[in-house]
Number of protein chains: 2
Amino acid sequence: MTEQKIIDAGLECFAQYGYQNTSLSDIADKVGIKKPSLYNHFSSKEAIFLRVLEEVAQKELEHLKGFTEYTQDRSIKEQIHEVFNLYVDHMSYSTEGAFFKRFTFFPPEEFADQILQVFLNTEEQVIKIIGPIFQKGMDTGVIRPLQLNELTSTFYTMIDGLFLEENFYDRETLVERQKASFKIFWLGIQAASQEG
Amino acid sequence: MTEQKIIDAGLECFAQYGYQNTSLSDIADKVGIKKPSLYNHFSSKEAIFLRVLEEVAQKELEHLKGFTEYTQDRSIKEQIHEVFNLYVDHMSYSTEGAFFKRFTFFPPEEFADQILQVFLNTEEQVIKIIGPIFQKGMDTGVIRPLQLNELTSTFYTMIDGLFLEENFYDRETLVERQKASFKIFWLGIQAASQEG
DNA sequence: CCTACCGATCGGTAGG
DNA sequence: CCTACCGATCGGTAGG
């Protein structure tokens, strides 16, 4: 279906070039039609962008919900590490991640409200997944007593930092940084009695 | 001097709107001249951008060098905390920080090489400042034995994450996140014998 | 430093 | 879904 092709092409162009830097001709070329034909499916460039944003938001939430399946029957540390790695990898190496990164960090003014909402929904979803794991860790004495939002916000800040750095470093360096961050994060939150 | 006014106006516009989204008319308006008059001082839009980039890079390095003065005669933890706060605050609340953030994270293709170079120089400078402090911390047994680049890269990743998040949260929330990140970072790197 | 203007490209429309 | 075209805006130039 052409409409879906336009959304897919828009996602790739917007993720790679940004909003202003993507022309309707770019999208049309990728779909294999002429620019004016886009208007049979969408009323404006803004409308295309908003549909892409909508799809990305929905896909992200679904993708995140899938994380819970991976983290059964593992130690607290392994569960946290798994969510950490899954999320960083997804954000670093998928087109949706690139789109999400670009537009949550530098939203065009006219879409700022909708984009902020998507960001906050996503963070809420991540905290819904990771929060209970941290809480259980504290309850069982594996994690030192800290405020839950200290744990979740630091967790999130490290992820934000890592997928920013994806813009500069080669994959090997990134993997090293990812390992180092998680290592020090875990050393910081583990209960003193667990050291060894 | 008009040339300096153009550089200053360019800095503000590029930082706020990005490269493509800043027109030469925007810059000229801010300076108080007409667009063609810009060409008495610069040969192209690219030339203006590159001069702005050059200035920002130079200012950043000078600013970072000033950090060393703040960190005399303090404990290792206080020194690290001070550099952390100074750097995050500077990147979050200055125009140079906004410029630096935007263009190191999403460089226009035609400037990618120069921008990457500026980023790497800056990181090198930060590591030059913070590296010896970490090393001394390990040597004196205040910081647990870790690889130096594990310390510096995690330190840098947290800073990257925080000044990304500046785009979403109000100042109060940011200050809380900044505190939480440093707290857990320090817990992660301090020697076990220092716990209390 | 200005007015006047250029070719190119943009988002979008007319009309079929 | 196309060709042909619009008004606006862009970076940049001519000429004074």
Side-chain angles (χ1 to χ4, degrees), chain A residues 1-56 98-99 102-103 106-115, chain B residues 1-56 98-99 102-103 106-115:
Chain A
M1 203 179 154
T2 305
E3 189 180 317
Q4 190 57 45
K5 276 189 190 171
I6 294 171
I7 296 172
D8 293 344
L11 169 61
E12 284 183 39
C13 291
F14 290 137
Q16 188 167 2
Y17 308 120
Y19 183 73
Q20 292 278 356
N21 237 343
T22 293
S23 74
L24 293 181
S25 302
D26 292 336
I27 296 177
D29 282 355
K30 208 159 227 167
V31 175
I33 57 177
K34 297 295 177 186
K35 182 183 66 166
S37 304
L38 294 171
Y39 287 85
N40 286 316
H41 303 276
F42 294 93
S43 63
S44 67
K45 189 183 181 183
E46 296 200 2
I48 296 177
F49 180 81
L50 289 173
R51 270 300 308 274
V52 171
L53 177 65
E54 208 176 279
E55 271 226 359
V56 169
F99 178 93
R102 182 182 282 274
F103 290 104
F106 296 105
E109 273 184 59
E110 59 264 54
F111 307 118
D113 290 346
Q114 290 101 320
I115 289 172
Chain B
M1 203 180 156
T2 305
E3 188 180 317
Q4 190 57 46
K5 278 189 190 171
I6 294 171
I7 296 172
D8 293 344
L11 169 60
E12 285 183 37
C13 290
F14 290 137
Q16 188 167 1
Y17 307 120
Y19 183 74
Q20 291 278 354
N21 236 345
T22 293
S23 74
L24 292 180
S25 303
D26 292 336
I27 296 176
D29 282 355
K30 207 158 228 167
V31 175
I33 58 176
K34 297 294 178 186
K35 182 184 67 166
S37 303
L38 294 172
Y39 287 85
N40 285 316
H41 304 276
F42 294 93
S43 63
S44 66
K45 188 182 180 185
E46 296 200 2
I48 297 177
F49 180 82
L50 288 173
R51 271 298 310 272
V52 172
L53 177 65
E54 209 175 278
E55 272 227 359
V56 168
F99 178 93
R102 182 183 282 276
F103 290 104
F106 296 105
E109 271 184 60
E110 58 264 54
F111 306 118
D113 290 347
Q114 291 100 321
I115 289 173

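Within every chain, numbering begins at 1; the chains are lettered A, B, ... in the order of the sequence lines, protein sequences first and strands thereafter.
The salt bridge (charged side-chain N to carboxylate O under 4.0 Å, His left out) analysis of residues 13-28 of chain A, with sequence neighbours excluded, yields no pairs. The salt bridge (charged side-chain N to carboxylate O under 4.0 Å, His left out) analysis of residues 9-25 of chain A, with sequence neighbours excluded, yields the pairs A:Glu12-A:Lys30.
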Item to complete: Can you run through DNA chain D from 5' to 3' and write each base as (, ), [, ], | or . depending on how it pairs? Watson-Crick or G-U wobble, both distances under 3.5 Å.
Response: ||||||||||||||||
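The side chain to side chain donor-acceptor pair (under 3.5 Å) test applied to B:Gln4 returns B:Asp8, B:Glu55, not counting sequence neighbours. For A:Arg102, the side chain to side chain contact (heavy atoms under 4.5 Å, CB included) partners at least two apart in sequence or on another chain are B:Phe106. With sequence neighbours excluded, the residues satisfying side chain to side chain contact (heavy atoms under 4.5 Å, CB included) with A:Ser25 are A:Ser23, A:Lys35. Taking the salt bridge (charged side-chain N to carboxylate O under 4.0 Å, His left out) definition, one finds that B:Glu110 meets it with nothing, sequence neighbours left out. The side chain to side chain donor-acceptor pair (under 3.5 Å) search around A:Asp29 returns none, not counting sequence neighbours.
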Protein N or O to nucleotides 12-16 of chain D N or O, pairs below 3.5 Å:
{"from": "D:dG12", "atom 1": "OP2", "to": "B:Tyr39", "atom 2": "OH", "distance (Å)": "2.9"}
{"from": "D:dG12", "atom 1": "OP2", "to": "B:Lys45", "atom 2": "N", "distance (Å)": "2.7"}
{"from": "D:dG12", "atom 1": "O5'", "to": "B:Tyr39", "atom 2": "OH", "distance (Å)": "3.0"}
{"from": "D:dG12", "atom 1": "N7", "to": "B:Lys35", "atom 2": "NZ", "distance (Å)": "3.4"}
{"from": "D:dG12", "atom 1": "O6", "to": "B:Lys35", "atom 2": "NZ", "distance (Å)": "3.0"}

Using a 3.5 Å cut-off and no angle test, enumerate the donor-acceptor pairs between side-chain atoms of residues 13-22 of chain A and protein atoms at least two apart in sequence or in another chain.
{"from": "A:Tyr19", "atom 1": "OH", "to": "A:Glu46", "atom 2": "N", "distance (Å)": "3.4"}
{"from": "A:Thr22", "atom 1": "OG1", "to": "A:Cys13", "atom 2": "O", "distance (Å)": "3.1"}
{"from": "A:Thr22", "atom 1": "OG1", "to": "A:Gly18", "atom 2": "O", "distance (Å)": "2.8"}

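For B:Phe42 and D:dG11, the CZ to C1' distance is 16 Å, given to the nearest whole Å.
Listed in residue order, the members of residues 4-14 of chain B having a heavy atom less than 4.0 Å from DNA chain C come to none.
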